Structures are given as structure tokens and as C-alpha cells.
**Q** 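Take this structure, written in C-alpha cells, and hold onto it; I'll ask about it next.
Worth saying up front: this structure is predicted, and the values here are computed from it rather than measured. The basis for the numbers below is simple: all heavy atoms, side chains too, and nothing from hydrogens, waters or symmetry mates. One is the number of the first residue; the rest follow in order along the sequence.
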Amino acid sequence: MTASIDATFWHPFTQMKGWKAEAAPMIESGEGVWLTDTEGRRYLDGTSSLWCNVHGHRHPEIDAAVRSQLDRVAHTTTLGLSHSPAEELARRLIQIAPRPFPLERGRGALSRVFYSDSGSTAVEVALKMAFQYWQQAPDACPSRTAFVSLEDAYHGDTVGSVSVGGIDLFHSLYRPLLFDSYKIAPGDGEGLADVLFHHGDEIAAVVVEPAVQGAAGIKLQPPGFLRTARELCDRHGVFLICDEVATGFGRTGRMFACEHEGVVPDFLCIGKGLSGGYLPLAATLTTERVYEGFLGEHEDLRTFFHGHTYTANPLACAAALASLDVFERERTLERLGLKIALFGQLLRSLVEPLPHVAEVRRLGFMCGIELAADPARGLAYQPGLRMGHEVTLEARSRGAIVRPLGDVVVLMPPLSITPDELEELVEITADSIAAATEQAATGETYLRAA
Ligand SMILES: *Cc1c(COP(=O)(O)O)cnc(C)c1O
């Protein structure tokens, strides 16, 4: 018995007016990179179920790990209790986290793991920890209450993470609810130097999505910027928070994007791919120095007063441990290099030549294809045409799920995708872009039957 779509379920990031008419597929099952709906149609999951699936759906090893945990216990609190999946996962995460080069003496390694359950809360935790750290001994510097963040940043949808966000479409309305943060242009090392020079001792932390700003439309930062940000933070005694919720777990070709520049942040926020894309789980990794700033007697009130009911859910931790095992056993990262090269070739031959493709931006397996009405003259499509969305409808009818950010078509397949499937995904995407943009060029109307 399958329920049909009505609007009782209010969907995320969705204008519910007209939603039913879009006849979204009801997904019933998945296998590898494929999803099957209740009508039996198959779709290639070109967005990794919104950037989180890593090794494919129903991976036997991860399935077995979750089942085996389910036979023990599905959930227990971690307030006053602990469990071995969370303990072991914390140690494993520290082992794979970006590490300081031996030369970089004095820079603390990431050594402590604080769990939560979404990317937004992982960032929220980093912001609150950074803020609180400066308010209390041993390093108290109570003037450090502000944050620096990047224009076009996306760090999640809770009010703290929105405060350091910079996507006007999602964020500007909420301005009155938010705390201020200094904004600099992504990649602008001089701008950052300037803010830190003038306001350094007001700043608790600088927050960045390292290397790639995902929700901004897969925008790449110039190489060297992250390194510069790290050096400037050190010079001014400011923490660096790296939000690797999107970029983590192999998405850019390395386990973490920070590794491209040999940078170790003071806070590393991870989510999405952490559980292999199976269950909601996130974590904020930090250093011994930060951790020690919270130690004290109970009455000192240095405790980090933050936690969620499902913090470190055992099923999610079991999935995450199994996902890390799969990374090792299947040598996921080693085998990714060839697929990344193929991905680049396919995009160059099939997508870049299309007349309405303005730019293809990519790092590893994170790709954004920017569409424009007239790329040569820099003319965008009328927003009302919803060209990015039209492309996703075309792709759906051809058997692939892709999701746009405005007029940027995002491709972010699971790392486990085979070369043949990758080719199929890029072909479908190219055909869909051609079909949708040709229709617009010939002035056809865009009404679709329900
Ligand atoms: C998706 C995302 C988040 C938010 O994660 P949720 O799990 O959706 O709360 C935060 N930061 C970045 C960079 C993201 O891509």
C-alpha cells in the first residue's frame, strides 16, 4: 500500500503552491547509485541524495552494520551514558582528520569530537564553542565575540548558522534575528587581512567552506586562500572554523578539502557524508587547546551546555564506522582519481560546448554547471523561466535525479558510481540542458501537464 503525495508533508526548500502538480517521484527503494519509484521507474541519483550518499544505496556492509546495531539497541542517550560505536567512531575520526605537518610545531591537532545530528548543528556547535572559549579562562579574551564569514556562504538553516551565511535568497529576510558577522568576498585574502587588522581582537573565529562553496552554486576559491586564511587567523589569534559538511568524505578527491592546502582548522564541521548518507549524524572536531578551555570544577560553569536528544545515535555511528571501513576496503579515494579525470573529460566534451552553458565549475566530484540565456553577452535567464529546474525535469524524464541551485545544475554523484554510470549521468545532463534551453530559445511556453 503506497500513500500518494499530498501537501500534508510540507517539504524543505519547496514552494508548496504547485508542488502536487510537479508529480515528484515517490522513491521506494535504492541500490547502488540507482533509485526506484513506486511506479517502477529507475533514476540515477546524480546528487547523492543531496550530497550525502558516498558508497551507494543499500551497501551490504553498511546495511549489515546498521542491522547488527539494531539487534542491540537503536538509541540510548549519551547524557550520563556512553556506547561503543560513538567512542570508536570518535577515535577513527581523529585518525582520518587533517593533521598538522610535523614542521608546524605549536599547531594543535584535532583531538576531540563533539557529535550532533545535522550540518547546521555542527556549525552551530563550532560557533558556540569558539564564542564560549574566549569568554572563560584560561585564555579569556571576552572582547572576542564576533565572527568573520564569506559572502555567498552556506552553513545551514539554524539561526546561528544563518548568521554566518551569505546567500541573500535564503538569508536576508531573517536579518533582524541574526547576529552580525563581518563579511569578506570569497578568496579575498587582503579583505580578510584588513578585517583582522582593524577588528582582530573582537573576532572569535573566521568561518569558511574550504575550497568550494557548495550551496553558493559550487563556487571555487582560488588556491592558496585557505592557507592565507589559516596564517592570518594565527597571526591575529583567531580560530579558523572549516565547514566540511559538503566537502568532507572524499567529495573533492581528498578525504577533506583542507588537505588540498595542508591546513588544519581549529574546528572541523562534518555531516552529510559522515554516515555514508544513511542516517542523520554530524560532528564538530576541535583541538586540545579548545577542549581544555572548557575543563574546570562544576561550579566554574565552563561546561559546554549544548546537546541534542539524538546526539551520537548508535545506529548512525554504526553506519559511519562501516562507511569508514568501506573507504578502506574498497580503496574509495585511490580509485576516485580516474573517475574524477573521466568526469572532467565527459563535461568538457558533452557539456561545455552547449550554447547555453556559461561555465562548468568543478573540484573532484562536486560540479556546478551554470546556464545562461546568452553566455557571450553575460545575459542570465529570467528567473521566472526556472531554467535550472526545467533541466531537472528533463533529466528526471530521462532517468536521472539532478537538483539545481537557481540556474546552476549541480552534479554530485556517489563516489561509488562506475565509469559507465558516470557517462550515463553526464549524457543525460547534457541532453536535458540542450532540451530545456532549446525550448526556451524557440520561445515555447513552459506549462507542463500535471
Ligand atoms: C548542507 C550543508 C550544511 C547544513 O547541513 P544540514 O545537515 O542540512 O543541516 C552546512 N554547511 C554546508 C557547507 C552544507 O553544504
**Q** The test is salt bridge (charged side-chain N to carboxylate O under 4.0 Å, His left out); show your working for D6 and K20 and say whether it passes.
**A** CA-CA 6 Å; D6 67 18; K20 265 184 82 169; over 6 Å; no

**Q** Given the rule in the salt bridge (charged side-chain N to carboxylate O under 4.0 Å, His left out) test, do E297 and R302 qualify, once you have shown the distances and angles that lead to the verdict?
**A** CA-CA 8 Å; E297 301 307 321; R302 283 193 214 152; over 6 Å; no

**Q** So, are D234 and R230 salt-bridged, with charged N and O less than 4.0 Å apart?
**A** yes

**Q** So F365 and F343, would you call those rings parallel, tilted or perpendicular, with 30° and 60° as cut-offs?
**A** perpendicular

**Q** Could you walk me through whether F9 and H11 pass the ring pair (Phe, Tyr, Trp, His ring centres under 6.0 Å) check?
**A** CA-CA 6 Å; F9 171 15; H11 284 252; 3.6 Å; yes

**Q** Do the charged groups of E31 and R58 touch, with an N to O distance under 4.0 Å?
**A** yes

**Q** Got a salt bridge between E231 and R235, using NZ or NE/NH1/NH2 to carboxylate O under 4.0 Å?
**A** no

**Q** Over all heavy atoms of both residues, which pair between L301 and Q136 is shortest? Give the atoms and the distance, please.
**A** O-OE1, 3.9 Å

**Q** Once the angle between the rings of F294 and F304 is folded into 0 to 90°, is it parallel (under 30°), tilted (30 to 60°) or perpendicular (over 60°)?
**A** perpendicular

**Q** Decide, yes or no, whether a salt bridge links R289 with D139 under the criterion of side-chain N to carboxylate O below 4.0 Å.
**A** yes

**Q** Is the shortest side-chain N to carboxylate O distance from E202 to R144 below 4.0 Å?
**A** no

**Q** Step by step, work out the ring pair (Phe, Tyr, Trp, His ring centres under 6.0 Å) result for F147 and F131.
**A** CA-CA 9 Å; F147 293 89; F131 180 91; 7.2 Å; no

**Q** Do the charged groups of R92 and D325 touch, with an N to O distance under 4.0 Å?
**A** yes

**Q** Could you please spell out the steps behind the side chain to side chain contact (heavy atoms under 4.5 Å, CB included) verdict for T284 and I241?
**A** CA-CA 10 Å; T284 308; I241 300 173; over 6 Å; no

**Q** Before you tell me yes or no, could you show the steps for F327 and H55 under ring pair (Phe, Tyr, Trp, His ring centres under 6.0 Å), namely the whole-Å CA-CA distance, both residues' side-chain angles and the distance that decides it to 0.1 Å?
**A** CA-CA 8 Å; F327 265 107; H55 306 292; 4.7 Å; yes

**Q** Going from NE2 on H306 to OG on S116, what distance comes out if it is rounded to the nearest 0.5 angstrom?
**A** 6.0 Å

**Q** Can you confirm whether the side chains of E209 and T247 place a donor and an acceptor under 3.5 Å from each other?
**A** no

**Q** Going through the checks in order, is the side chain to side chain contact (heavy atoms under 4.5 Å, CB included) test met by I184 and V195?
**A** CA-CA 8 Å; I184 60 151; V195 170; 3.8 Å; yes

